[in-house]
Amino acid sequence: MKIRCVVERITYQNTENGYSVLKVRIKNYTELVPLIGNLFDVNVGSVLLVEGNWKVDAKYGREFIADSWEETMPATVYGIEKYLGSGLIKGVGPKFAKRIVQKFGTDTLEVIEADISRLLEVEGIGKKRVDQIAESWERQKEIKNVMLFLQDHGVNTSYAARIFKEYGNESIKIVKENPFRLADDIWGIGFRTADQIAQKMGISKEAFIRLRSGIMYALGSLAEEGHVYGEKEQLVSHAAELLEAEETTVIMTLDQMIKDRDLIRDMKMGCEEETGEEVQTEAIYLPPFFYAEIGTAGKLRKLLSAPASDRLFRRLMEARLQTGNENLSVDVSRIEQMVHMKYDEVQVDAIRRAAVSKIMILTGGPGTGKTTTTQGIIAAFRASGLKILLAAPTGRAAQRMTEATGLPAKTIHRLLEFKPPNGYQKNDENPLEGDVLVVDECSMIDIILMNALLKAVPEGMRLILVGDIDQLPAVGAGNVLRDMIDSGRFPVIRLTRIFRQAQASRIVTNAHRINEGKLPDISGGRDTDFFFIEKEEQEEALREIVSLVKRKLPRYYRTPSSQIQVLTPMQRGVVGAANLNLALQEALNPSGEGLRRSGSVFRPGDKVMQIKNNYDKEIFNGDIGVIETVDLEGRTLAVQFDGRSVEYEVTDLDELVHAYATTIHKAQGSEYPIVVMPLLMNHYVMLQRNLLYTGITRAKKILVIVGTRKALAYAVKNLTVTKRNTMLRERLGSKGTQQLQSRTDSRN
């Protein structure tokens with residue numbers, strides 16, 4: 001059967017497979033009718049011609065199940081008003097849609113298409129808005145063409161806006177020539193989607209462009225897991241399975257890609273665990289990762305070999321030469337007076353070592369005095385009049401540095417003056433200006449970002465890297481801080497003593513117990529800051545978490561719910577981030593108008609997180625903000641990120657997710673007054689010691705774990721950490737690195 005209907009409401013949309021439940025108005029039906037099927041990115045107001053069948057559901061009554069559909073222009077005055085007011089056309093919301101349709105009736109769309117200047121006849125619409133509507137109308141027509149093309153090839157039309165944004169009027173031409181470009185160029189489109197289009201277009205499974213794209217996708221997937229390169233056997237096996245191709249075919253394609261410089265091959269030397277014999281492993285790199293690893297290692301070696309150019313370094317080196325005292329350094333007692341602090345022996349050693357080091361690493365867990373030691377190091381440099389730069393990977397970490405030191409700190413991107421599309425303005429040709437660069441939360445820095453940072457560090461500048469090596473490694477590829485420590489090339493100070501004031505915090509003491517493989521103290525008590533609430537079932541845990549965030553914790557600690565962060569090991573499941581966000585939004589911010597996108601409603605007051613680096617907006621993956629305003633007419637909203645307001649159009653909302661709950665991985669580098677963390681055996685694949693440790697150490701004042709003792713014990717005992725494929729440690733070795741470098745150069 002076929003029906004024509006107008007979309008009145010979007011009840012549910014699954015962002016992954018497009019499954020949707022809509023409420024639609026059908027002529028001669030008094031009630032709204034549920035329409036169910038793969039109807040992704042259909043908007044309120046859209047007029048659909050749907051082919052399918054009626055079905056009577058025992059619970060929900062009569063529904064129409066869609067097999068196929070197409071969007072048509074509305075024919076009735078009511079349909080035209082709904083269509084224009086849906087927000088598809090920027091500048092026209094429900095209010096202006098009503099006025100326009102009242103003026104032009106069924107001729108409305110023809111007027112907009114043929115003589116748009118006549119919209120000036122409508123009350124309240126000026127030339128600026130008419131120009132905005134005209135531009136949006138033309139853009140929307142092109143997007144519709146892309147949508148129809150994708151629909152013909154069985155692909156979710158939600159990608160149309162992104163494709164059009166990237167390719168403009170060339171969209172259909174480019175996709176027809178090589179649909180696999182989508183996997184390379186469009187965020188959110190992977191190989192499988194591009195392959196689906198290609199197969200509909202009749203591209204052979206053995207075509208080189210398909211095999212090439214599959215290998216690139218397989219290598220990119222490894223990078224998303226943190227690997228800088230793929231071992232050849234691992235890559236071939238993964239790609240062959242993905243492509244449903246013979247391994248020999250994949251190897252032939254791989255060899256051609258290496259010849260074309262699409263990929264870079266290198267060799268890694270290692271020892272066979274059982275026999276101890278030396279073995280070689282073929283390492284296959286995407287070029288950006290290869291050059292980032294080479295660049296990082298090369299710049300670190302260069303910085304190590306060049307003396308610092310500041311007056312303190314020169315003075316101390318001259319004094320050592322004159323006195324023959326190789327241990328001579330700054331007088332820490334003077335620094336203690338300056339900062340009103342008494343340091344222990346390890347902290348004193350850290351300050352003295354920093355004063356004479358070109359590169360130094362300071363690491364330690366919570367309560368061990370990392371911040372106060374860093375303050376002492378900075379004070380030693382400031383006492384000699386040195387210019388100090390402070391940076392961290394995230395805005396929140398940079399803000400904490402500023403609060404702790406009294407000096408301005410920037411994100412690494414801001415320090416390097418990132419400006420799209422030109423990239424980093426600070427680089428080897430335009431380096432940073434200063435004597436010392438202190439970088440905090442270094443465990444979060446991946447190989448690409450570290451390479452960009454080091455390019456901008458002049459040879460005479462000092463580098464002090466601070467971080468907790470026991471936290472989760474960077475979300476991006478690489479294990480930079482760990483590799484630098486393991487190389488043995490740099491002075492490393494590890495703080496282990498928990499200071500007396502920190503010993504009163506069970507969050508701190510339990511974090512260290514977990515790090516040592518011991519179960520945390522969960523005995524509770526009135527004055528503790530670490531609580532464990534036992535819940536066996538996921539649904540029970542969910543209800544308890546909602547109750548804690550909405551009522552119990554705000555009432556007891558006089559803290560607003562906005563200051564309470566739920567952190568969970570996983571994205572999916574009943575107590576995964578996605579479902580927790582639905583439940584918490586319903587409990588904390590259930591009503592009010594909002595913008596709908598991909599099944600989510602974004603309302604004023606919602607806590608949200610950016611999930612993709614957006615260099616135009618200067619907002620990065622993991623940044624958390626609060627929606628301050630929603631403009632239903634203009635289909636935009638504004639998010640407040642640490643005092644800065646950022647505007648999003650409705651098509652940008654794929655980059656935002658609700659952040660009442662987030663994964664522990666996404667919380668790296670952040671701290672929250674109160675943290676609530678579900679921990680159940682349903683998460684067992686993610687239950688690892690460093691994940692639990694990272695989650696616990698995000699809490700500043702109060703931590704509440706909701707779950708089972710079994711899951712807690714499992715996480716503490718599970719020391720399994722996925723090994724990352726990197727060669728930075730080997731490249732940092734002096735003689736070994738030179739040999740490795742020459743092998744790379746001779747072959748490539």
Problem - Any donor-acceptor N/O pair, Q425 side chain to G423 backbone, under 3.5 Å - result: yes
Practice task
Say whether, by atom type as modelled, one donor and one acceptor occur between the side chain of T363 and the main chain of I469 under 3.5 angstrom.
Solution key: yes
Problem - Salt bridge present between R731 and D266 (N-O < 4.0 angstrom) - result: yes
Handout entry: Whether K299 side chain and L454 backbone form a donor-acceptor pair below 3.5 Å
Key = yes
Practice task
With the side chain counted from C-beta on, respond yes when L211 and M252 share a heavy-atom pair under 4.5 Å apart, and no when they do not.
Solution key: no
Practice task
Evaluate the side-chain proximity of L219 to Y229: yes if any heavy-atom separation is below 4.5 Å, no if none is.
Solution key: no
Handout entry: ring-ring contact (aromatic ring centres under 6.0 Å, His included) between F191 and F180, worked out
Key = CA-CA 7 Å; F191 170 79; F180 295 104; 5.7 Å; yes
Exercise for the section: Can you establish whether the number of heavy atoms outside E177 located under 6.0 Å from its atom CD is more than 12? Expected result: yes
Exercise for the section: For H413, look at atom NE2 and say whether over 12 heavy atoms of other residues, nucleotides or ligands are found less than 6.0 Å away. Expected result: yes
Practice task
Ignoring hydrogens and angles, tell me if any N or O in the side chain of T253 forms a donor-acceptor pair with the backbone of T249 under 3.5 Å.
Solution key: yes
Problem - Within-4.5 Å side-chain heavy-atom neighbours: M681 and Y714 - result: yes
Exercise for the section: Could you tell me whether R689 and D470 have a side-chain N and a carboxylate O separated by less than 4.0 Å? Expected result: no
Problem - Donor-acceptor pair between D468 and S443 side chains, under 3.5 angstrom - result: no
Exercise for the section: State whether the number of non-hydrogen atoms from other residues, nucleotides or ligands found under 6.0 Å of K358 atom NZ is greater than 12. Expected result: yes
Practice task
Using distance alone, with no hydrogens and no angle criterion, decide if E293 and Y285 have a side-chain donor and acceptor under 3.5 Å apart.
Solution key: yes
Exercise for the section: Check whether any side-chain N or O of Q565 sits under 3.5 Å from a backbone N or O of A659 as a donor-acceptor pair, and report yes or no. Expected result: yes
Handout entry: Any side-chain donor near an acceptor of the partner, Q610 and Y648, under 3.5 Å
Key = yes
Exercise for the section: Taking atom types as modelled, find out whether N430 and Y424 have a side-chain donor-acceptor pair closer than 3.5 angstrom. Expected result: no
Problem - pair T411-T394: side-chain heavy atoms closer than 4.5 Å - result: no
Practice task
May I ask you to decide if A477's main-chain N or O and E224's side chain share a donor-acceptor pair within less than 3.5 Å?
Solution key: no
Practice task
Report yes if some heavy atom in the side chain of I611 is under 4.5 Å from a heavy atom in the side chain of L656; otherwise report no.
Solution key: no
Exercise for the section: Look only at the side chain of R489 and the backbone of L732, and say whether a donor-acceptor pair between them is shorter than 3.5 Å. Expected result: yes
Handout entry: Heavy-atom neighbours of E241 CD exceed 12 at 6.0 Å
Key = no
Handout entry: Whether E170 side chain and Y167 backbone form a donor-acceptor pair below 3.5 Å
Key = no
Handout entry: Short side-chain to backbone donor-acceptor contact, R698 and T694, under 3.5 Å
Key = yes
Handout entry: Side-chain donor-acceptor contact under 3.5 Å, Y217 with D195
Key = no
Handout entry: R265 side chain vs I284 backbone, donor-acceptor pair below 3.5 Å
Key = no
Exercise for the section: Answer yes or no for K612 and F620: cation-pi contact, defined as NZ/CZ to six-membered ring centre under 6.0 Å and angle to ring axis within 45°. Expected result: no
